[in-house]
Amino acid sequence: MDIEAIQTELARSHTRFGNPLIWLPSTGSTMDDVRTQAKAGAAEGLVIAADEQTKGRGRLGRSWVAPAGVNLSLSLLVRPNPAVIKRLGMVAPLAVADAVAAVTGIEVRCKWPNDILIGGRKLCGILIEGEFSGDRPVFAIVGIGLNVNLDVAAVPEIADFATSLRRETGRVVDRGAVLVATLRAFQVHYDSTDAARLRDIWRARLDTLGQHVDVTFAGRTESGLAEDVTADGSLLLRRPDGSLLTLPAGEVTLRRA
Ligand code: BTN
């Protein structure tokens, strides 16, 4: 990774995300690194990316595998207003989707709340952690873990369900190009004031809609038809009794007939 070239490229295109961009050869988790800087007053736009994470974490307390030299592991600092913070769960996967399409030509699909899939296999996971003062968001950290050149077959924990851009394209993909494209696209979707359009783009990427699913949220599981998403990305689940449940977060499992 030629970080200086990437920084120059981002500055040239006036990209706010990645200003500054800090690259670490190895770290525990970029989520913790950004949190430390956010608490010390860092401005929106800070991105910390690491070549290797030794304690990468995923959603629901899972660990995230990020060996050296192959993937993109990064966290972005945002200081959004209350309306925008709710949309981050759409903004981040859409940014990755645009970047993957721009660099490889592949159109990914998404699984609610924000997994990115190719052919049903997981390419990228997104973790969003917010810091609030009462109801007011102080900052949020958007973590993106994208399998770029990982040989997933060599990692037994994920070999059965994960993929990488290298696996899909059959060639080594330039991580710097994916990073720049992701940060640019993030800015476009983050700055969008057209919430209805953002939801339409998100709907078009979501595989989950129209499926019968189980959704586990806050320790309980609800079943029903994943009917739609709200303007801030919450899932609308039609229960068998006809009632409609709005779920801001959760884990989705497809129900097999
Ligand atoms: C998931 O699908 O469970 C989310 C995975 C998020 C992983 C990224 S990698 C960069 C950032 N640092 C972390 O420790 N996690 C996120």
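Atoms within a ligand are numbered from 1 in the order they appear, just like the ligands themselves. Values below: all heavy atoms of this structure, side chains included; hydrogens, waters and symmetry mates excluded. Positions are given from 1 along the sequence.
Within the 4.0 Å heavy-atom cutoff, R57 counts among the residues contacting ligand 1. Ligand 1 lies less than 4.0 angstrom from a heavy atom belonging to S75.
Closest approach of L183 and G18 over heavy atoms only: CD1-CA, 4.1 Å.
Of all atoms in ligand 1, numbered sequentially from 1 with element shown, those under 4.0 Å from a heavy atom of K122 are 1 (C), 2 (O). Near S29, the atoms of ligand 1 lying under 4.0 angstrom from a non-hydrogen atom of the residue are 12 (N), 13 (C), 14 (O). For ligand 1 and I126, the ligand atoms under 4.0 Å from any heavy atom of the residue are 2 (O), 4 (C). When each atom of ligand 1 is checked for a heavy atom of G56 under 4.0 Å away, the hits are 14 (O). Under a 4.0 Å criterion applied to the non-hydrogen atoms of G58, ligand 1 contributes the atoms 1 (C), 3 (O), 4 (C), 5 (C).
Of the protein's heavy atoms, R59 N, 2.7 Å lies nearest to atom 3 (O) of ligand 1. If you check which protein heavy atom lies closest to atom 9 (S) of ligand 1, you get Q53 NE2, 3.4 Å. For atom 11 (C) of ligand 1, the closest heavy atom belonging to the protein is T30 OG1, 3.3 Å. Looking only at heavy atoms of the protein, atom 5 (C) of ligand 1 is closest to W64 CE3, 3.4 Å.
Formation of a donor-acceptor pair under 3.5 Å by the S13 side chain with backbone atoms of E9 is found in this model. Not one N or O on the side chain of S73 forms a donor-acceptor pair closer than 3.5 Å with the backbone of A66. Side-chain N or O atoms of W112 include one that pairs as donor or acceptor with a backbone N or O of G233 at under 3.5 Å.
By the criterion of side-chain heavy atoms lying less than 4.5 angstrom apart, applied directly or through intervening Ile, Leu, Val, Met, Phe, Trp or Tyr residues, I128 is grouped together with V215 in one hydrophobic cluster.
For the residues L76, I144, I48, the heavy atom positioned nearest atom 10 (C) of ligand 1 is part of I144.
Annotation: E157, atom CD; neighbour count of heavy atoms from other residues, nucleotides and ligands within 6.0 Å is above 12.
Atoms CH2 and CE, on W64 and M31 in that order, are 12.0 Å from each other to the nearest 0.5 Å. In this structure, the separation between CG on L74 and CD1 on I22 is 12.5 Å, given to the nearest 0.5 Å.
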| said: The test is side-chain hydrogen bond (donor to acceptor under 3.5 Å, both in side chains); show your working for D194 and S192 and say whether it passes. | reply: CA-CA 5 Å; D194 191 342; S192 167; 5.9 Å; no

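Residue contacts with ligand 1, taken as heavy atom pairs separated by less than 4.0 Å, do not involve L60 at all.
Below 3.5 Å of separation, one finds no N or O of K55 facing any N or O of ligand 1. At a 3.5 angstrom cut-off on N or O pairs, S73 does not count as close to ligand 1.
Evaluated for a side chain to side chain contact (heavy atoms under 4.5 Å, CB included) with Q211, the options V252, L206, L254 yield exactly one hit, L254.
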